[in-house]
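Since the structure comes first, as structure tokens, the remarks are kept for the end.
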Amino acid sequence: MPPSAASDRFASLRLRTIVLCRCPRRGIGCSELNGLNRVVGGWSGFGNSQARDNGHELGGKQTFCCYAAVMEQALGAWRQNGCLSLWQYRRAPRMYAGWHFSADKVGCASLVELLGIMSQLKSPAHRTLTVTDPRNVRAGRIFGDHDLKLDVPAKLRLGNAIGQSAGIRFSSDVFSMMLGKADIASLSGAVIDVSLNRADFGLSFGEDATIINFWWWPEQRRA
């Protein structure tokens with residue numbers, strides 16, 4: 001996804017996918033769904049009349065038999081792009097406390113896309129993302145030069161907290177974020193702000209006391 005996709009609020013992204021599934025009402029394979037329009041914070045619906053024809057009236061409300069399959073297909077098709085960094089400072093003074101996040105524009109767009117998919121899933125799911133070492137891109141020195149040691153996970157495990165406890169955990173080389181729907185939306189908004197250089201703020205998620213500080217990508221800030 002090109003950097004231009006990270007426009008103001010990522011107003012509209014387009015995902016083209018083909019979904020083949022069995023329709024429980026008709027007992028037939030549904031038509032391919034092409035041109036599904038996705039907007040930040042949710043899915044706007046099917047993008048062509050052929051797909052809309054597969055909806056059924058149940059209890060006075062139109063439902064799409066393929067909706068869950070579309071979400072699962074989108075999650076399976078999603079691939080990480082760009083760079084994101086996550087780190088904490090060991091024995092850090094108060095101003096450096098907590099965890100720190102930064103990502104380039106492509107990485108932000110990719111992560112927002114994933115969060116949009118996860119916010120619509122009805123069953124537990126997670127994806128594991130690769131973390132770029134902040135020392136390699138000078139993200140760990142946003143405040144200037146210092147001699148602090150860093151803890152840097154190799155992976156970010158991001159999931160929806162459906163049927164399990166929400167929370168943030170760091171063990172070994174994996175930073176795990178299991179988030180409820182409201183927290184997924186909050187994280188998505190924070191990542192969008194990072195892509196637009198609106199950074200230097202901290203958030204906690206749910207009842208977890210862990211603070212994550214959001215920072216601009218170093219090269220982006222200098223541009």
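What's counted below: heavy atoms across the whole structure, side chains too, no hydrogens, waters or symmetry copies. Source: prediction; values computed, not measured.
D200 pairs by the salt bridge (Lys or Arg N to Asp or Glu O under 4.0 Å) definition with nothing, not counting sequence neighbours. In this structure D133 satisfies the salt bridge (Lys or Arg N to Asp or Glu O under 4.0 Å) test together with R135, sequence neighbours excluded. Qualifying side-chain contact (heavy atoms from CB on, under 4.5 Å) partners for I211, counting only residues two or more places apart in sequence or in other chains: S204, N213.
Taking CD of E72 as the reference point, atom CD1 of I117 lies at 12.0 Å (rounded to 0.5 Å). Distance SG/C108 to CG/D193: 9.5 Å, rounded to 0.5 Å. Rounding to the nearest 0.5 Å places CG of L148 at 7.5 Å from OH of Y89. Considering CG of L84 and CG of L158, their distance stands at 9.5 Å, rounded to 0.5 Å.
Judged purely by atom type and a 3.5 angstrom limit, D104 uses its side chain to pair as donor or acceptor with the backbone of C83. Distance alone, capped at 3.5 Å, is enough to place a donor-acceptor pair between the R79 side chain and the G76 backbone. Side chain of D208 to main chain of I168: a donor-acceptor pair is present (N/O by atom type, distance under 3.5 Å, no hydrogens or angles).
With contacts defined as side-chain heavy-atom distances shorter than 4.5 Å, the pair V137/T132 qualifies. The closest side-chain heavy-atom distance from L114 to R127 is below 4.5 Å. Contact of the I162 side chain with the S123 side chain is not registered, since no non-hydrogen atoms from C-beta on lie closer than 4.5 Å. Looking at heavy atoms from C-beta onward, W217 lies out of side-chain contact with N197 at the 4.5 angstrom threshold. Counting heavy atoms from C-beta outward, T210 and R169 have side chains that stay 4.5 Å or more apart. Taking 4.5 Å as the limit, every side-chain heavy atom of T128 sits out of range of all side-chain heavy atoms of L156. The closest side-chain heavy-atom distance from W215 to S85 is not below 4.5 Å. With contacts defined as side-chain heavy-atom distances shorter than 4.5 Å, the pair W87/D151 does not qualify.
For the pair I184 and L115, the tightest heavy-atom approach, listed with the atom from each and the gap, is CG2-O, 3.5 Å. Across all their heavy atoms, L75 and L121 have their closest contact at CD2-CD1, 3.8 Å. Looking at every heavy atom in both residues, F205 comes nearest to S186 through CE2-CB, 4.2 Å. Here the shortest heavy-atom pairing between L150 and P134 reads CD2-CG, 3.9 Å. Residue V152 comes nearest to L86 through the heavy atom pair CG1-O, 3.7 Å, listed as atom of the first residue, atom of the second, then distance.
Under the 4.5 Å side-chain heavy-atom criterion for grouping Ile, Leu, Val, Met, Phe, Trp and Tyr, M71 is connected to M118 within one hydrophobic cluster. Clustering ILVMFWY residues whenever any of their side-chain heavy atoms sit less than 4.5 angstrom apart, transitively, puts L187 in a cluster other than the one holding M178. Linking Ile, Leu, Val, Met, Phe, Trp and Tyr residues whenever their side-chain heavy atoms come within less than 4.5 Å places V112 and F201 in a single cluster.
Legend: ring-ring contact (aromatic ring centres under 6.0 Å, His included) pairs involving residues 154-175, not counting sequence neighbours, sorted by first then second residue: W99-F170, W99-F175. Among residue pairs with one or both ends in residues 173-183, none qualify as side chain to side chain donor-acceptor pair (under 3.5 Å); sequence neighbours excluded. For residues 153-168, every residue pair satisfying the side chain to side chain donor-acceptor pair (under 3.5 Å) rule, not counting sequence neighbours, is listed here: H126-R157, T130-K155.
For F214 and H100, the ring centers sit 6.0 Å or farther from each other.
Heavy-atom neighbours of R90 CZ from other residues, nucleotides or ligands within 6.0 Å: above the threshold of 12.
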